[in-house]
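See below for the structure under consideration.
Proteins get letters first, then strands, A, B, ... in listed order; numbering begins at 1 in each. This is a predicted model, so every value here is computed, not measured. In what follows, every heavy atom counts, from backbone to side chain, and hydrogens, waters and symmetry copies are set aside.
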Number of protein chains: 2
Amino acid sequence: MNTPEPMTAVENRLVQLNPHVSVDCVIFGFDEGDLKVLLIERNLDERDHQSRLYSLPGNLVNDNEDLDKSAMRILKELTSLENLYLEQFYAFGDPDRVKNSTDAQWLNAVRDVPTARVITVAYYSLVKIGDYQTAPSSFARKTWWCPVSEAPDLAFDHNKILNSALRSLKNKLRIEPIGFELLPKKFTLGQLQKVYETILGTVLDKRNFRRKILNKGFLKPLQEKQKGVPHKRARLFEFDQETYDNLKSGQFNFEF
Amino acid sequence: MNTPEPMTAVENRLVQLNPHVSVDCVIFGFDEGDLKVLLIERNLDERDHQSRLYSLPGNLVNDNEDLDKSAMRILKELTSLENLYLEQFYAFGDPDRVKNSTDAQWLNAVRDVPTARVITVAYYSLVKIGDYQTAPSSFARKTWWCPVSEAPDLAFDHNKILNSALRSLKNKLRIEPIGFELLPKKFTLGQLQKVYETILGTVLDKRNFRRKILNKGFLKPLQEKQKGVPHKRARLFEFDQETYDNLKSGQFNFEF
DNA sequence: GCGGATGGTGTTTAAACGAAACAATTGAAA
DNA sequence: TTTCAATTGTTTCGTTTAAACACCATCCGC
């Protein structure tokens, strides 16, 4: 796969005609009342977070690989998790999006044709942060769960992509019940409310929230309760996929 | 630009590595209470609509051309209109999406590398159908404003793309006031209601619709009235962009 | 056993919505 | 020229939905 020789004319032409296509993933997690995004560190120097260079996980789309499959592959390589919530939200195609000088060096090390244009299809994913195991086997790259509110300057146009992902997530959360994807399988209503408040950027009334979300009918109350907390133990709930699917096949509309 | 010779090994590899990228446009119009989509006819035989082959307008993305620019170019070539409402909604990348046998023949005639994979970024656009002039200058292709409810089998995965566009449009219409983009600059509330009813697939109460939409404040009533109708002449309205922008910069939420 | 923190609950009030009745304006038909 | 059919536009009223709001319960650690 290495092409150390200078490109031939025909190669050049084809590279120009056919931009590379990549997939980038904005992987969201939720922890301690904070929305986080999984970043990967590109060069492994030992300075502090401020001066390190981070980017979103992503890679070129393989031969004969569907875009969704490609995103799933990247997710699995990085998190060793499967069946994650995954949503394509936008394609970024500015011809100069990978032409920034600070990025060129890195591209030289990683790509066959570092000067080529790259169009990227961006996905966001929601993971239960507790299920995530850091730095799985084959991947030597360092990762960082970064609070989205403190995201540093990222490679390429990745800040733009992150912001766009946030907007899309916000819209989606109003239309479909996906908040629980960020929580453990069993969760309390307090935790769920925190997810909604954080993503929507508002504070919500506890009583109205509980009523609204429970009346939808797809949250199954469990007998089990929270353990080891220094206050009254909250009831645990599970998302009831079957009930939700039934509702959806009717003319049910979520609308938070 | 022609490559009649068989591809060399290196060409083959590069083509495999770098899928082609195209942009397809779903151009919506509204006429006689019907939502329509602009299709182009691929082969110019003289049989009836049923047996002809249609596709969505689209083309490969040019060198150094932004995706949005590419979509605008396609729109302008086809409609000779500019500054249209334009929204990217999804990228389609199934490796086999252009491998259908009935499509292969046509691709042979149009593409340098007809066997190459094509990833397409899809946009939808809203046009005031009255402004549209059929078959402008350089473009010899036949076009057809097809009622979306009667769309025939289209090339490639274009039916899938069309359906996806409809879903996106529906969602957007609930969140942002874009219905007027399909109407003449001056329109009646009756016309606007019809747009909403058609796209959302519901019937709406006239009185409630008027109250709801007028209370938003961005519809400017004109002195002018409808002409040439066999009944009471309805008042004409204009969308007031400035007022809307002001509202939006506050914490205004549309939510139809 | 007391303080800190969060869980859990019902009512009241205002705004939005849906449905009805009705008045007004026009062109066409009788 | 009168009547009719069609559609616009306003007012009203009851219903439904959403927003605002305060207190006690429970658990842990000290």
Could B:Lys186 and B:Phe237 be counted as a cation-pi pair, given that NZ or CZ must be under 6.0 Å from the ring centre and within 45° of the axis?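 That pair does not qualify as a cation-pi contact.
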More 5' along DNA chain D: A:Pro230 or A:Lys206, using each one's nearest nucleotide?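 Looking at DNA chain D, the more 5' nearest nucleotide goes with A:Lys206.
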For B:Leu189 and for A:Gly228, locate the closest nucleotide of DNA chain D by heavy-atom distance; then report the residue assigned to the nucleotide nearer the 5' terminus.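 Looking at DNA chain D, the more 5' nearest nucleotide goes with B:Leu189.
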Atom-pair distance ([atom1] on [X]; [atom2] on [N]), nearest Å:
X        : N      : atom1 : atom2 : answer
A:Ile213 : D:dA19 : CD1   : P     : 14 Å
A:Phe209 : C:dT6  : CZ    : C1'   : 15 Å
A:Arg211 : C:dT9  : CZ    : C1'   : 10 Å
B:Leu214 : D:dG9  : CG    : P     : 10 Å
A:Arg210 : C:dG7  : CZ    : P     : 8 Å
A:Asp205 : D:dT17 : CG    : P     : 19 Å
B:Leu204 : D:dG9  : CG    : C1'   : 17 Å
B:His231 : D:dA6  : NE2   : C1'   : 7 Å

Test for a donor-acceptor pair under 3.5 Å between the base of C:dA16 and the side chain of B:Asn208, counting only N and O atoms.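 Answer no: no donor N or O sits under 3.5 Å from an acceptor.
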D:dA19 base to A:Arg207 side chain: any donor-acceptor pair below 3.5 Å?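 Not at all, since no donor on one side and acceptor on the other fall under 3.5 Å apart.
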For D:dC28 and A:Arg233 - does any side-chain N or O of the residue sit under 4.0 Å from the phosphate oxygens OP1/OP2?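 Yes, A:Arg233 has a side-chain N/O under 4.0 Å of OP1/OP2 on D:dC28.
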Identify which nucleotide among D:dT8, D:dA19, D:dC28 has an atom closest to any side-chain atom of B:Lys232, counting heavy atoms from C-beta outward.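 Of the candidates, D:dT8 comes closest.
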[X] and [Y]: side-chain donor and acceptor closer than 3.5 Å?
X        : Y        : result
B:Tyr123 : B:Asp68  : yes
B:Glu242 : B:Tyr244 : no
B:Asp245 : B:Gln241 : yes

With sugar-phosphate meaning primed atoms plus P, OP1 and OP2, does B:Lys212 contact a base, only sugar-phosphate, or nothing at under 4.0 Å between heavy atoms?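 Here B:Lys212 touches the backbone only, sparing every base.
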Using the closest heavy atom to pick a nucleotide of DNA chain C for each, name whichever of B:Phe256 or B:Lys225 lands nearer the 5' end.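 Of the two residues, B:Phe256 wins.
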Relative to the ring of B:Phe239, is the ring of B:Phe180 parallel (under 30°), tilted (30 to 60°) or perpendicular (over 60°)?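 Parallel.
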